[in-house]
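Below is one structure, written out as structure tokens; the observations come after it.
Whatever order the structure lists ligands and atoms in, that order sets their numbers, starting from 1. What you are looking at is a predicted structure, and each value in this text was computed from that prediction instead of being measured.
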Amino acid sequence: MQLSPRQEQIVAIVKRSGPITSQQIAAELNLTRAALRPDLTILIMAGILEARPRVGYFLSSKPTQALVAEEIKKIRVGDIKGLPRVIRSEASVYEAIVSMFLEDVGTLMVVDANGHLEGVVSRKDLLKAAIGGGDLQKMPVSVIMTRRPNIICTTPEEPVLAAARKIIEHEVDALPVVRPVAGSPPKLKVVGRLTKTTITRLFVELGEGNH
Ligand code: ADP
């Protein structure tokens, strides 16, 4: 359920000052009680507010789906992103494998000398190279990586919900978090990463009320 701006205002007032009468809420919003009534009815039916005679309106103690959804929509990638885990494109496939073990990650972002994104290398890319029979010490990672412009990225400002949808739709484990850098052709500076684990951690924190 999508709350209207006025309904969000009402929830914020009740959160701050509840229990509060409809008269007091109306006064804060410069409205009449009659104008407020439909929104209060909707918020009660949605299970977000509760009302008690002679006490007033207060936030429902039951966590409601609408409120959880509202909370999730406010979280941005920048709030939860992890540190970038990168490897230079000239590094060998062998070095990429070692780095994946040392850093304990499943995806490495491949960058140039300036930290600009060139591609992504995943576990399966490395396995494929390993069973391919070439010399892994000599083969540069740039040969086997998935490269720009085919990389699905996110930005610190993007809502986590939209980024999580990209992970599902494109069936990947991780997204580089990037900032565009002025220039031609346009470059992307890697500033972090968002993985399935990052999202799972957020899910647990939200479920336990710690976020
Ligand atoms: P795994 O290899 O562990 O299954 P993924 O499912 O993330 O990991 O990777 C599958 C393929 O998608 C690999 O070839 C990888 O290079 C590519 N890939 C991984 N992340 C991205 C991304 N953000 N954008 C585009 N391609 C990606």
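Proximity to P176 (heavy-atom distance under 4.0 Å) selects the following atoms of ligand 1: 23 (N). Residue contact check: I151 has heavy atoms under 4.0 Å from atoms 24 (N), 25 (C) of ligand 1.
Considering backbone and side-chain atoms together, A174 places an N or O closer than 3.5 Å to an N or O of ligand 1. Polar contact with ligand 1: absent for T107 (N/O pair, distance under 3.5 Å). Considering backbone and side-chain atoms alike, I152 places an N or O below 3.5 Å from some N or O of ligand 1.
With a 4.5 Å cut-off on side-chain heavy atoms, L108 and S99 count as touching. Counting heavy atoms from C-beta on, the side chains of R179 and E157 come closer than 4.5 Å.
Atom 12 (O) of ligand 1 has V172 CG1, 4.0 Å as its closest protein atom, hydrogens excluded (heavy atom only). Of the protein's non-hydrogen atoms, the one nearest atom 4 (O) of ligand 1 is K124 NZ, 2.8 Å. Shortest contact from atom 16 (O) of ligand 1 to any protein heavy atom: D125 OD2, 2.5 Å. With hydrogens left out, the protein atom closest to atom 6 (O) of ligand 1 is E171 O, 3.5 Å, a heavy atom. The protein heavy-atom contact nearest to atom 25 (C) of ligand 1 is N150 O, 3.2 Å. Here the protein heavy atom with the shortest distance to atom 11 (C) of ligand 1 is S122 OG, 4.3 Å. The nearest protein atom to atom 19 (C) of ligand 1, hydrogens excluded, is given as V120 CG1, 3.6 Å; this is a heavy-atom distance. Scanning all protein heavy atoms for the shortest distance to atom 26 (N) of ligand 1 gives T146 CG2, 3.7 Å.
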Report the C-alpha distance between Q7 and L43 in whole Å, list the side-chain angles of each, state the deciding distance to 0.1 Å, and finish with yes or no for side chain to side chain contact (heavy atoms under 4.5 Å, CB included). CA-CA 7 Å; Q7 288 161 0; L43 290 171; 4.1 Å; yes
Do T195 and T198 pass the side chain to side chain donor-acceptor pair (under 3.5 Å) test, and can you show the C-alpha distance, the side-chain angles, and the key distance before you say yes or no? CA-CA 5 Å; T195 69; T198 324; 2.9 Å; yes
What do the steps show when you test D173 against S122 for side chain to side chain contact (heavy atoms under 4.5 Å, CB included), and what is the final call? CA-CA 9 Å; D173 290 348; S122 78; over 6 Å; no
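Once rounded to the nearest 0.5 Å, the distance linking CG of L31 with CD1 of I10 reads 7.5 Å. Annotation: the span from F203 atom CZ to I72 atom CD1 amounts to 8.5 Å, rounded to 0.5 Å.
C153 does not count as a contact of ligand 1, since none of its heavy atoms falls under 4.0 Å from the ligand.
Residue contacts with ligand 1, taken as heavy atom pairs separated by less than 4.0 Å, do not involve M145 at all.
The residue from V121, L108, D173 that puts a heavy atom closest to atom 8 (O) of ligand 1 is D173.
Between the side chain of R193 and the backbone N or O of L83 there is at least one donor-acceptor pair closer than 3.5 Å.
Counted by atom type alone, T21 and Q24 present one or more donor-acceptor pairs between their side chains at under 3.5 Å.
A salt bridge does not link E8 to K15: none of the charged side-chain nitrogens sits closer than 4.0 Å to a carboxylate oxygen.
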